[in-house]
Number of protein chains: 2
Amino acid sequence: MEAPVPRRTRIQQEKRELILEAALDVFAANGFRGSTIDQIAEAAGMSKPNLLYYFRRKEDIHETLMQRLLDTWLAPLRELDDVGDPITELKSYVRRKLEMARDFPRQSRLFANEILQGAPRIMPMLEGELKSLVDEKAAIITGWMHAGKIAGTDPYHLIFAIWATTQHYADFDVQVRAVLGPDRGGDGRFEDAARFLEQLIVNGLTPAR
Amino acid sequence: MEAPVPRRTRIQQEKRELILEAALDVFAANGFRGSTIDQIAEAAGMSKPNLLYYFRRKEDIHETLMQRLLDTWLAPLRELDDVGDPITELKSYVRRKLEMARDFPRQSRLFANEILQGAPRIMPMLEGELKSLVDEKAAIITGWMHAGKIAGTDPYHLIFAIWATTQHYADFDVQVRAVLGPDRGGDGRFEDAARFLEQLIVNGLTPAR
DNA sequence: CTAACGTTTGTCCAATCGGTCAAAAATTGC
DNA sequence: GCAATTTTTGACCGATTGGACAAACGTTAG
């Protein structure tokens with residue numbers, strides 16, 4: 001029996017990666033329907049028929065991209081576990097998510113685009129893989145609440161809030177920068193965000209008692 | 001001198017509204033490039049040339065929609081003012097934003113789409129109108145902090161966090177529903193979210209002392 | 001009734017799109 | 001070196017797109 005995934009020569013591997021890299025750029029900036037094969041081909045430095053030699057349809061590129069995305073995208077949540085102090089654990093999760101928004105903004109936008117359009121291509125993954133993972137982690141968080149280690153609240157909405165606040169810095173980057181202005185919108189904005197979110201999650205806004 | 005905006009008959013007013021309503025549906029669901037004039041025309045119950053009689057270009061529809069959007073979209077923040085208890089004031093703001101996400105999800109998605117694509121059509125508004133408003137409100141919040149009425153933190157990132165967490169329930173609705181499942185993903189999710197966000201903002205996750 | 005004006009539509013067009021195909025070019029195995 | 005195979009490309013195709021246009025239709029005022 002041969003390998004189930006038919007990837008042939010080393011050159012094919014490399015060209016496919018090149019195309020996926022270019023497509024990530026284009027799809028993240030323009031959405032699926034807003035992107036053309038020509039754009040991706042040009043960004044990858046090859047002709048359109050050449051690109052179609054490696055991926056037979058535009059959708060195949062997107063699909064490959066989305067499959068990889070989910071894996072890496074959920075990695076930070078997978079790391080959340082029961083050992084260590086709960087508050088520390090949650091702060092680490094926020095930090096990891098914020099780092100992903102900073103270091104992989106294109107992936108974040110690709111994902112946001114897909115969800116915004118109603119998740120037509122990844123709905124099964126959301127209801128399957130994603131839901132299972134969140135259920136599992138929500139159970140851990142609920143455990144912490146029952147043990148009195150964190151305040152009792154809704155673990156699902158807590159996870160949503162962490163997703164929303166962190167991904168915001170990738171998906172709404174242009175707005176964040178426009179509002180902060182040239183001086184505060186520079187590289188420091190992620191550290192400011194990290195400080196703010198940490199404090200919000202730990203203590204909220206009530207002044208120290 | 002006549003009215004500067006050349007809107008003629010009552011029928012023209014009505015048809016333009018009809019088209020804008022249909023276009024909001026289509027643009028919010030498919031993005032600008034993903035939407036076709038035919039789709040909008042069909043949703044508005046008229047032929048394509050008929051639609052183009054009222055709006056000469058596809059972009060004109062989108063532009064009109066975006067101009068109106070900013071006004072209504074920022075209304076909740078405009079209401080934030082200095083009278084009353086700061087914590088109560090911020091909770092009200094969160095509630096108003098969450099109600100907008102619940103009642104006007106299409107507007108939220110339209111806005112999200114535009115920002116995701118780099119805000120090509122509304123960048124001036126972000127750097128002008130929006131930034132001014134946020135600067136003004138951030139100053140109020142800073143005043144509260146200096147008065148010791150709320151914890152000292154970054155007012156800009158606080159506003160970002162409120163935007164992100166509330167709009168998440170409109171923009172990422174399908175994901176929220178998929179994760180919550182059929183039982184918890186129903187109509188109650190906005191009330192659950194409201195309760196959660198209120199608590200998060202007031203007290204964070206530190207258990208009661 | 002009819003002329004003027006506002007509204008609606010069928011038809012058409014050029015540009016762009018995703019994708020095909022056959023042939024050329026480059027690479028590889030022997 | 002040469003044949004087989006893989007890679008690349010120019011030319012092409014049908015479908016869809018945004019938009020133009022003139023003719024038809026409807027309405028209203030005289």
Side-chain angles (χ1 to χ4, degrees), chain A residues 2-3 5-66 110 113-114 117 120-121, chain B residues 2-3 5-66 110 113-114 117 120-121:
Chain A
E2 295 295 315
V5 183
R7 275 177 200 146
R8 301 162 191 169
T9 71
R10 207 153 300 153
I11 240 187
Q12 283 218 4
Q13 277 277 31
E14 288 170 9
K15 294 275 173 158
R16 282 177 66 99
E17 289 308 318
L18 193 73
I19 291 168
L20 289 171
E21 169 67 23
L24 178 57
D25 248 38
V26 177
F27 281 141
N30 307 107
F32 181 76
R33 282 215 49 182
S35 306
T36 70
I37 301 183
D38 290 278
Q39 282 178 318
I40 301 172
E42 197 196 326
M46 61 178 70
S47 65
K48 179 167 67 168
N50 196 188
L51 182 148
L52 286 165
Y53 171 72
Y54 292 103
F55 290 90
R56 279 159 67 188
R57 295 180 310 157
K58 179 184 170 186
E59 266 205 64
D60 291 349
I61 310 175
H62 192 262
E63 199 182 310
T64 306
L65 235 30
M66 292 302 302
L110 179 67
N113 258 307
E114 177 69 8
Q117 314 299 324
R121 298 164 233 273
Chain B
E2 294 295 313
V5 182
R7 278 177 199 146
R8 300 161 192 170
T9 72
R10 210 153 297 152
I11 239 185
Q12 283 217 2
Q13 277 277 29
E14 287 170 11
K15 295 275 175 158
R16 282 176 67 98
E17 289 308 316
L18 192 72
I19 291 168
L20 289 172
E21 168 66 23
L24 179 56
D25 248 37
V26 178
F27 281 142
N30 307 108
F32 180 76
R33 282 215 51 183
S35 305
T36 70
I37 302 183
D38 290 277
Q39 283 178 317
I40 300 172
E42 197 195 327
M46 61 179 71
S47 65
K48 180 168 67 171
N50 197 187
L51 182 148
L52 286 166
Y53 171 72
Y54 293 103
F55 289 91
R56 279 159 68 187
R57 295 178 311 156
K58 179 183 170 186
E59 264 205 68
D60 291 349
I61 310 175
H62 192 263
E63 199 181 312
T64 306
L65 234 30
M66 292 304 300
L110 180 67
N113 257 308
E114 177 69 10
Q117 314 301 322
R121 298 164 233 273

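Labels below follow one simple rule: chain letters A, B, ... track the order of the sequence lines, proteins then strands, and each chain is numbered from 1.
- Rounded to an integer number of Å, the gap from CZ of Phe55(A) to P of dG18(C) is 16 Å.
- The distance from atom CD of Glu42(A) to atom P of dT8(D) is 17 Å, rounded to the nearest whole Å.
- Remark: P of dT16(C) and CG of Asn30(A) are 16 Å apart, rounded to the nearest angstrom.
- Residue Ser47(A) places its side chain closer to dT9(D) than to any other of dT9(D), dT20(C), dT8(C).
- Regarding Ile19(A), its CD1 atom lies at a distance of 11 Å from the P atom of dT7(D), rounded to whole Å.
- A residue-by-residue look at Leu51(A) and Arg33(A) shows that Leu51(A) has its nearest nucleotide of DNA chain D further toward the 5' end.
- We find that CG of Asp60(A) is positioned 8 Å from P of dG19(C), with the value rounded to whole Å.
- Using a 4.0 Å cut-off, no side-chain N or O of Asn50(B) falls inside it from OP1 or OP2 of dT7(C).
- For Pro49(B), counting side-chain heavy atoms from C-beta on, the closest listed nucleotide (dG18(C), dG10(C), dT8(C)) is dG10(C).
- Remark: side-chain polar atoms of Arg33(B) are not paired, donor with acceptor, to backbone N or O of Ser35(A) under 3.5 angstrom.
- Heavy-atom distances to DNA chain C give each of Leu52(A) and Gln39(A) a nearest nucleotide, and the one nearer the 5′ end belongs to Gln39(A).
- Side-chain N/O atoms of Lys58(A) and base N/O atoms of dG19(C) include no donor-acceptor pair closer than 3.5 Å.
- In this structure, CZ of Arg57(A) is placed 16 Å from C1' of dC17(C), rounded to the nearest angstrom.
- Side-chain nitrogen and oxygen atoms of Tyr53(B) include none within less than 4.0 Å of the OP1 or OP2 phosphate oxygen of dC21(D).
- Between Lys15(B) and dT8(C), a side-chain N or O to OP1/OP2 separation shorter than 4.0 Å is present.
- At dT7(D), one or more side-chain N or O atoms of Gln12(A) fall inside 4.0 Å of OP1 or OP2 (strictly under the cut-off).
- Between the CD1 atom in Ile40(A) and the CG atom in Leu51(A) there is a gap of 6.5 Å [rounded to 0.5 Å].
- Note that CG of Leu65(B) and CG of Leu20(B) are 5.5 Å apart. Values are rounded to the nearest 0.5 Å.
- For Gln39(A), the CD atom counts as densely surrounded, since its 6.0 Å shell holds more than 12 non-hydrogen atoms of other residues, nucleotides or ligands.
- Backbone-only contact: Ile37(B) has heavy atoms under 4.0 Å from sugar-phosphate atoms and none from a base.
- The existence of a salt bridge linking Glu63(A) and Arg121(A) is excluded, since no basic side-chain nitrogen approaches an acidic carboxylate oxygen closer than 4.0 Å.
- Distance NZ (Lys48(A)) to P (dA11(D)): 14 Å, rounded to an integer number of Å.
- Atom OH of Tyr54(A) and atom C1' of dT9(D) are 12 Å apart (whole Å).
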